[in-house]
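Reminder, nothing fancy here: chain letters follow the sequence lines and each chain counts from 1. Keep in mind the model is a prediction, meaning the values are calculated, not measured.
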Protein chains: 2
Amino acid sequence: MSSTTIRPLRADAERTVRTILEAAERTLNRNPAATMEEIAAAAGVARTTVHRRFATREALITAMSEWATRQLAQAVDDARPDTSPPLVALYQATANVLRVKLSWGFSMNTSLAKGNESERIWNAVVDRCDQLFRRLQDAGVLRAEVDPVWARRVYYALIHEVCQDLSTTSNETTGSDPDTDALATQLIDTLLRGTGSPTAQL
Amino acid sequence: MSSTTIRPLRADAERTVRTILEAAERTLNRNPAATMEEIAAAAGVARTTVHRRFATREALITAMSEWATRQLAQAVDDARPDTSPPLVALYQATANVLRVKLSWGFSMNTSLAKGNESERIWNAVVDRCDQLFRRLQDAGVLRAEVDPVWARRVYYALIHEVCQDLSTTSNETTGSDPDTDALATQLIDTLLRGTGSPTAQL
DNA sequence: ACAACTTGCATCACCAATGTTGCAAGTAGT
DNA sequence: ACTACTTGCAACATTGGTGATGCAAGTTGT
């Protein structure tokens, strides 16, 4: 029920599927209106092959979304957000999520259709994050008067901003992986302390 | 040179143009792939009328972008970012920009084509903002070690987040204008102080 | 009132993208 | 080696959106 795949694919076909998904991500990230032709070209396969694996364009995008969302969920889970000390988990999760989001920016931004499997997973992730932010507040990391949901939203916005910048700036120059740990540190520093000096007040 | 309009339009035509621009904004904001037909319907005119005013779909979107960018520039200018005390200007600009961005979310997010008039205006606005953030730092509002460009980017991200939320949440329930001043206050508070408590540190 | 302008409607041509099929050549797994 | 699977290629049908045109009815401004 996870995918339209009925029976297991042969090894080469499986590889092709992943190649297509990755090529689609790259291509659609640059141009959301890219054609199946362009995606196929980017994957180095014929257009008919793409259609053999994904009946319609919509099916392809759904599959991308599902794939990306699963990876995101994994990234968060790996940080053990319910059991680790919350601030540690926040760091871990941030670095992990940045890694995923940098490669799957398009797929993560496609508004997930209602009733989708992706939507379920996504909501689970959001719940998990909200819970983490409540834990952060209980631990005194967040100020008491701050709405943890607002804090989580600011956090998302910062992640989005960092990814946005990275995918336009450094992707072209070097293929070297950006230092997600350093980015996570800067991000969380900004999230918690802001950019203002303690002296000047409103 | 501002638009493809050669000679002045009659009053009713002028009104039609603005009606179309607004309808296009609303429609494309909900669904970026909306057809000219849908846009025309939303504007309460025939599709041919839209094509009479905007030769191609691209021309329409360009016009929207230009229109929105001009309003944005106006919103920033009205805050007198070079002459007012920087923190005052920041408040003023934020409230103004929120008002504009809430109505023109789609048009502001369309990546402006190179060489566009919109791009020129947009760059001017960015320069203006960067300068404001340098003034903020000189005034001691921003911490000395913070990169003012990073601060500006965080600021943009927060604005985007606030607009995102508003356009999905409250637009459906009430037509009442959201309190942009209160939003600006919350936004700037978060920007400067973050969400963390002063005690807990990294 | 009159001329100029604008709009809706019906209709058309056009095209680019989508999705399908059959077949031949190549590859995976046993 | 043999079978089943996968892929590329070529060709095709379909369709939904785009853009254009001519005309009749209505509106604006003077």
If only side-chain N and O atoms of A:T49 are considered, is one of them under 4.0 Å from the OP1 or OP2 phosphate oxygen of D:dT7?
-> no
What's the CG-P distance between B:L9 and D:dG29, to the nearest Å?
-> 12 Å
Could you pull out the closest heavy-atom pair between B:A43 and B:T19, with the gap in Å?
-> O-CG2, 3.6 Å
Nearest atoms (heavy-atom pairs only) where B:A79 meets B:A93 = CB-N, 3.4 Å
Is the base of C:dG8 touched by the side chain of B:R52 through a donor-acceptor pair closer than 3.5 angstrom?
-> yes
Pick out the pairs of N or O atoms, protein on one side and nucleotides 16-19 of chain D on the other, that lie under 3.5 Å.
residue: D:dT18; atom: OP1; partner: B:R57; partner atom: NH1; Å: 2.8
residue: D:dT18; atom: OP2; partner: B:M36; partner atom: N; Å: 3.1
residue: D:dG19; atom: OP2; partner: B:H51; partner atom: NE2; Å: 3.4
residue: D:dG19; atom: OP2; partner: B:R57; partner atom: N; Å: 2.9
residue: D:dG19; atom: N7; partner: B:R47; partner atom: NH1; Å: 3.1
residue: D:dG19; atom: O6; partner: B:R47; partner atom: NH2; Å: 3.2

Non-hydrogen side-chain atoms of A:V76 and A:N96 separated by less than 4.5 Å = no
B:R10 CZ to C:dT7 C1', straight-line distance once rounded to whole Å = 10 Å
Send over the distance from A:I39 CD1 to C:dG19 P, rounded to a whole Å.
-> 11 Å
Check each residue of residues 11-23 of chain A for a non-hydrogen atom within less than 4.0 Å of any atom in DNA chain C, then write out the ones that pass by number, or none.
-> A:A11, A:D12
Exercise: identify the closest heavy-atom pair between A:R152 and A:C129 = CG-CB, 4.0 Å
Here the pair of heavy atoms bringing B:S118 nearest to B:T62 is OG-O, 4.3 Å
Start with the C-alpha gap between B:E14 and B:R18, add the side-chain angles, then the distance that decides, and say whether salt bridge (Lys or Arg N to Asp or Glu O under 4.0 Å) holds.
-> CA-CA 7 Å; B:E14 195 103 31; B:R18 293 198 43 183; over 6 Å; no
B:R57 versus B:P32, closest heavy-atom pair with distance = NH2-O, 3.5 Å
Compute whether any side-chain donor of one residue and acceptor of the other, for A:D78 and A:Q74, lie under 3.5 angstrom apart.
-> yes
Side chains of B:F106 and B:T27 in contact at under 4.5 Å (non-hydrogen atoms) | no
Has A:E145 got more than 12 heavy atoms of other residues, nucleotides or ligands less than 6.0 Å from its CD?
-> yes
Between A:V45 and B:T48, just flag the one whose closest nucleotide in DNA chain D comes earlier from the 5' side.
-> A:V45
A:T94 and A:Y155 side chains, donor-acceptor separation under 3.5 Å | yes
Double-helix bend of the helix from C:dA1-D:dT30 to C:dT30-D:dA1, axes at both ends from 5 pairs, round to 10°, gives 50°
